[in-house]
Amino acid sequence: MSTLELKAEIHKKIDALDNVAELIDLNLSLDWFMQQKLTDEEKTVLERLNQAKKSADEGTGILHDDVMKEAKQWLKR
């Protein structure tokens, strides 16, 4: 079975699901499966990106100009 055929088969099975709880369960299972494929470094990067997004959404992040100003101070040392 080729990759395309296998993907088509998986899509058909997913399309046959109508129960929201089953779809949520499948989505969480796929997320877990994909997370297991990541390296520790990739997991750390994703955690940092998620935290950065959360900070930006909450308005608790640091403005780019402020980061650059501090970086320039450190570079002068």
Nearest heavy-atom contact between Gln35 and Lys43 is O-CE, 3.1 Å

As an exercise, state the distance from CZ of Arg48 to CG of Asn50, rounded to the nearest 0.5 Å.
12.5 Å

Nearest 0.5 angstrom please: Ser29 OG to Ile24 CD1, how far?
11.5 Å

What is the minimum heavy-atom distance between Lys7 and His11, and which atoms define it?
O-CD2, 2.7 Å

Suppose we screen for salt bridge (charged side-chain N to carboxylate O under 4.0 Å, His left out). Which residues come up paired with Lys53, at least two apart in sequence or across chains?
Asp57

NZ of Lys69 to CG of Leu63: how many Å apart, nearest 0.5 Å?
10.0 Å

Does any N or O in the side chain of Asp25 come within less than 3.5 Å of the main-chain N or O of Ala21, such that one atom is a donor and the other an acceptor?
no

Near Glu58 CD, under 6.0 Å, is it more than 12 heavy atoms from other residues, nucleotides or ligands?
yes

Hydrophobic side-chain clustering at under 4.5 Å (ILVMFWY, transitive links): who's grouped with Leu23? Put none if nobody.
Met1, Leu6, Ile10, Ile14, Leu17, Leu26, Leu30

Within a radius of less than 6.0 Å around CD of Glu70, do more than 12 heavy atoms belonging to other residues, nucleotides or ligands occur?
no

Looking only at heavy atoms, which two atoms of Lys37 and Glu42 are closest? And how far apart?
O-OE1, 4.4 Å

